[in-house]
Colleague: 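Mind having a look at this structure? Questions to follow.
Atoms within each ligand, like the ligands themselves, are counted from 1 in listed order. Keep in mind the model is a prediction, meaning the values are calculated, not measured.
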Amino acid sequence: MSLMEEIIAAVDEMPPFPQVVQRAMQVLAEPEYEVSGLVDILKVDQAVTANILKLCNSAYFGLPRKVSSLKEAVVYLGATQLRQLLLSGAASKIYEKPNEGYAVFADELWRHALATAVMAQVIRRHLRLEIDENMIFTAALLHDVGKVVLSAFVSDKYRVIENLVENGKRSFQEAEKEILGFDHAEIGGKIAEKWDFPPAIIAAIAFHHEPFRSPKEFRLLAELVALANNLVVMVGYGTGVDGLACRGHDLLLKKMKLEEKDLEKLVLLFQTEMEKTCDIAGVGSG
Ligand SMILES: [Fe+2]
Ligand SMILES: [Fe+2]
């Protein structure tokens, strides 16, 4: 098997995205969703149910009495917090699986993904963009999922890729493509396809380093993920060498009509929001 065939085979071997979470997201996307319908979906998964109750009864919320019914917990948490809990629970398992190549920053990759999701939501609110929050959180959280697959193939070539980037000759993505035949964005798109995600999410993941190449109808989401990705790298949630070579950033800022003062505000909002989300997702914001 050629290297490229091996990489495609590895995409096929990726575990499926949890059905329960995917179905719950569909319900949460409706403006007036039915709580009982959502509870019926969630209760099938004992681990998910336990996590929801655990979060609801955690010190973070400081409720005066213990909540033991899933329905009550779902109502109390509401759509935004439930989405964060469910998606980050599923994504953390995918990002944190032991991997070889990028293993030096397996943890960093997860923190980076979560930060990107938070930043994308903050930008959406600031600019009042009309994109569904589920889409944004999912696409941003999973934008680098291709690295999970590529890492196994990167291990012995990582130094070569890193050198290409550090010498300023290539962006991280270009170097990957040159050495492996694929870049992580492309592979991420293939994984999202395998998971039957909507085309907008597939496109946002596949084009998160070159949103201008995304099909027009999904471009705004791809641009949002790209911008969020760049901004979190700037505030210290990068992943090693990947952050060194972001292209087209100024163009994105211009397109989104964001100026220096907006960026300062976004970063402040991000920091508060990131702390909250880390509490909900059960990770340290470090
Ligand atoms: Fe990336
Ligand atoms: Fe990224």
Colleague: Strictly under 2.8 Å, is any N, O or S atom of His208 next to the Fe ion (ligand 2)?
Modeller: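 Short answer: no, not a single N, O or S atom is under the cut-off.
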
Colleague: Over 60° means perpendicular and under 30° means parallel, so tell me whether His208 and His143 are parallel, tilted or perpendicular.
Modeller: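 If you compare the ring of His208 with that of His143, the planes turn out perpendicular.
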
Colleague: Does Leu70 belong to the same Ile/Leu/Val/Met/Phe/Trp/Tyr cluster as Val44, with side-chain heavy atoms less than 4.5 Å apart forming each link?
Modeller: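 Per the 4.5 Å side-chain linkage, Leu70 and Val44 are not co-clustered.
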
Colleague: To 10 degrees, how wide is the angle OD2 (Asp144) to the Fe ion (ligand 2) to OD1 (Asn229)?
Modeller: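 Vertex the Fe ion (ligand 2), arms to OD2 of Asp144 and OD1 of Asn229: 170°.
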
Colleague: What pairs with Ala192 under side-chain contact (heavy atoms from CB on, under 4.5 Å), at least two apart in sequence or on another chain?
Modeller: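 side-chain contact (heavy atoms from CB on, under 4.5 Å) list for Ala192, sorted by chain: Phe197, Ile202, Ile205.
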
Colleague: Check whether any N, O or S atom of Thr116, backbone or side chain, sits closer than 2.8 Å to the Fe ion (ligand 2).
Modeller: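 Of the N, O and S atoms in Thr116, none lies under 2.8 Å from the Fe ion (ligand 2), which means no.
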
Colleague: Among the N/O/S atoms of His209, select the one at the shortest distance from the Fe ion (ligand 1) and name it.
Modeller: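 The His209 atom nearest to the Fe ion (ligand 1), restricting to N, O or S, is NE2.
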
Colleague: Under the side-chain hydrogen bond (donor to acceptor under 3.5 Å, both in side chains) rule, collect the residues that match up with Asp196, sequence neighbours excluded.
Modeller: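 In terms of side-chain hydrogen bond (donor to acceptor under 3.5 Å, both in side chains), with neighbours along the sequence ignored, Asp196 is linked to no residue.
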
Colleague: Tell me whether the NZ or CZ atom of Lys147 lies within the 45° cone about the ring axis of Phe182 and under 6.0 Å from its centre.
Modeller: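 No, Lys147 and Phe182 do not form such a contact.
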
Colleague: Would you give the angle at the Fe ion (ligand 2) between His143 atom NE2 and His112 atom NE2, to the nearest 10°?
Modeller: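 The two atoms subtend 90° at the Fe ion (ligand 2).
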
